[in-house]
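Numbers here are sequence positions counted from 1. All values reported here derive from a predicted model rather than from experimental measurement.
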Amino acid sequence: MTTGKPLLPDHGETRQPADPVRLAEAHWRALEAAHQERVDRYALPYLARRSAGQKHPVEDFLFTYYTQKPGQLRRWHPGAGVVLHGQGAQERLGWKFYRPADCGGTLVPEAPHPGAGVVLDTEKFLAQRREAVDFARIILGRTALRPAQFGCFGLHEWAMVYKQEANQVRHEYLQLRLGSAGTDGVVEGNRIRCTHFDAYRFYTPQAVGLNELRPTRENQRDMEQPGCLHANMDLYKWAYKLSPLLPSELVMDCFELSWRIRAMDMQASPYDLAAWGYPPIQIETAAGKADYVAQQRGFAAESAVLRGRLSAALDAATATS
C-alpha cells in the first residue's frame, strides 16, 4: 500500500484531458525515481534468483505468470493528460504512444512556461487498444456489481494437484503439506465453486467435474466476483495491460495488492511453505477456514477501492473519445 500524499492527482478522479497538468523535469524525475525504487524492492530479488537459477514459489509469481516484465514495470508513466517538460521528456518521443504536447494547461510549482512538452497520445492509444480498454471496463464494472462470495477457501490450488502423485505436482520442488492422499481427501470433503477461469483451467482432469461451476473465457465477464482472490490479483493485469494510459503509481498499487494476495493464496494452498517463511492457513480445519475468510474479506475491501480507481481512470481517459 502507498503512504504519503501523492505528487500527482489521483487518476481515479475525473480530470478532463483538455486540462492537462504540466510537470517540470525536476518534479517528474523525482516521481520516476520513487517509482523505480518501489519496483526494485520486488524486482531485484527476483532477477538475482533468476540469474542464480533459483525459484521462489510465492515471490516469483507476478513476474512469471503475468506478462509484464521487470524492465517494463520499472518504466514510469504519468498517465493520460500529464505533460512532461525538459530535455529528458523529449526522449519519450521515441517511446510508443507519446507525442509533442500542445500549449496551455494547469501549471504546477516550478513548471516551465507552457511550450514544448511531451504527453501521452491518448487518441492513438485508444485507436489501437480500444478493445482491451472496453473489455477491462466491462470486467471491472460487472465484477464490482456482483455480491462477493467467501466460501471457496482457496480450494482451487488443491484441485490443481488432485489425484496426482507427489512427483507430478505443479511445483515439483515443493512438498504437499498433507501428502497426496491427505490432499485428495480435502478436495473430496469440501464443496468447490471456483468462479475464476484462469484458476479453473489448471485443475487436474479428475478435479474438473468436482467444480460446481464451469468458468470459461467466454463467460468470464459474467462469472467473476469481488470476493475471488484471483480476480482481485488480476487488477494488476488490467492495470499494466493498459499502460501507459494509466499512471504507474496506480499500476504499482495494484501490483503490491496482488503481491500480498499471492502470499495468502499460497499459504492456504496444499504446499508446505513454512521453510520459505509462509506459515500455512490450514483450510482443512474450522479455524483455518475462518482465518481464510477474514483475510479474503479484507482483500475484497481493498480491491473494491482499487477497482473503483481503475474504472474512474479509464472513464476519465475515454471521456472525450
In Å and rounded to the nearest 0.5 Å, what is the [atom1] to [atom2] distance from [X] to [Y]?
X      : Y      : atom1 : atom2 : result
Arg221 : Ile138 : CZ    : CD1   : 4.5 Å
Glu157 : Gln267 : CD    : CD    : 12.5 Å
Asp272 : Leu178 : CG    : CG    : 9.5 Å
Ser258 : Leu306 : OG    : CG    : 10.5 Å
Leu120 : Arg92  : CG    : CZ    : 10.5 Å
Leu140 : Leu145 : CG    : CG    : 11.0 Å

Aromatic ring proximity Phe63/Phe255, centre distance under 6.0 Å: yes
Aromatic contact, Tyr200 with Tyr203 (centres under 6.0 Å):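 Ring-ring flag for Tyr200/Tyr203: true, centres closer than 6.0 Å.
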Tell me whether [X] contacts the main-chain N or O of [Y] through its side chain, where contact means a donor paired with an acceptor under 3.5 Å.
X      : Y      : result
Asn219 : Arg214 : yes
Tyr292 : Gly154 : yes
Trp158 : Gly185 : no
Ser243 : Leu246 : no
Lys289 : Ile283 : yes
Asn190 : Val186 : yes
Thr122 : Ala80  : no
Gln225 : Gln149 : yes
Glu25  : Gly88  : yes
Thr285 : Gly288 : yes

Any chain of hydrophobic side-chain contacts (each under 4.5 Å) joining [X] to [Y]?
X      : Y      : value
Leu155 : Phe197 : no
Tyr65  : Met252 : yes
Leu47  : Val39  : yes
Met233 : Val305 : no
Ile139 : Met223 : no

Flag for [Y]-[X]: side-chain donor and acceptor within less than 3.5 Å:
X      : Y      : result
His56  : Arg49  : no
Asn232 : Arg307 : yes
Tyr240 : Thr67  : yes
Glu59  : Tyr42  : no
Arg217 : Gln220 : yes

Cationic N near anionic O, under 4.0 Å, [X] to [Y]:
X      : Y      : result
Arg177 : Glu284 : yes
Arg50  : Asp60  : no
Asp198 : Lys237 : yes
Lys163 : Glu188 : yes
Arg74  : Asp40  : yes
Glu249 : Arg38  : no

Heavy atoms, side chains only, cut-off 4.5 Å: are [X] and [Y] in contact?
X      : Y      : answer
Ile261 : Ser303 : yes
Arg99  : Lys124 : no
Leu174 : Trp276 : yes
Trp28  : Pro78  : no
Arg75  : Gln36  : no
Arg309 : Leu250 : yes

Taking all atoms of both residues into account, what is the closest heavy-atom pair of [X] and [Y], and its distance?
X      : Y      : answer
Ala89  : Leu84  : CB-O, 3.4 Å
Val187 : Ala159 : CG2-N, 4.2 Å
Tyr236 : Cys254 : CA-CB, 3.6 Å
Ala101 : Val83  : CB-CG1, 3.6 Å
Gln296 : Leu229 : CG-CD2, 4.2 Å
Leu62  : Trp259 : CD2-N, 3.8 Å

If you count every heavy atom of other residues, nucleotides or ligands that lies below 6.0 Å from [X] atom [atom1], does the total exceed 12?
X      : atom1 : value
Gln87  : CD    : no
Glu123 : CD    : no
Gln54  : CD    : yes
Lys69  : NZ    : yes

Partner residues of Asp222 under the side chain to side chain contact (heavy atoms under 4.5 Å, CB included) criterion, sequence neighbours left out: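 Partners of Asp222 under the side chain to side chain contact (heavy atoms under 4.5 Å, CB included) test: Arg142, Arg146.
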Evaluation steps, salt bridge (charged side-chain N to carboxylate O under 4.0 Å, His left out), between Arg41 and Glu256: CA-CA 11 Å; Arg41 290 198 296 271; Glu256 289 182 340; 3.6 Å; yes
Any residue meeting ring-ring contact (aromatic ring centres under 6.0 Å, His included) with Trp238, in chain and number order, not counting sequence neighbours: Phe135
Trace of the ring pair (Phe, Tyr, Trp, His ring centres under 6.0 Å) decision for His156 with His230: CA-CA 10 Å; His156 55 276; His230 279 260; 4.7 Å; yes
Over-ring placement of Arg297 relative to Phe150, 6.0 Å and 45° cut-offs: yes
Residues clustered with Trp95, ILVMFWY side-chain links under 4.5 angstrom: Leu93, Tyr98, Val118
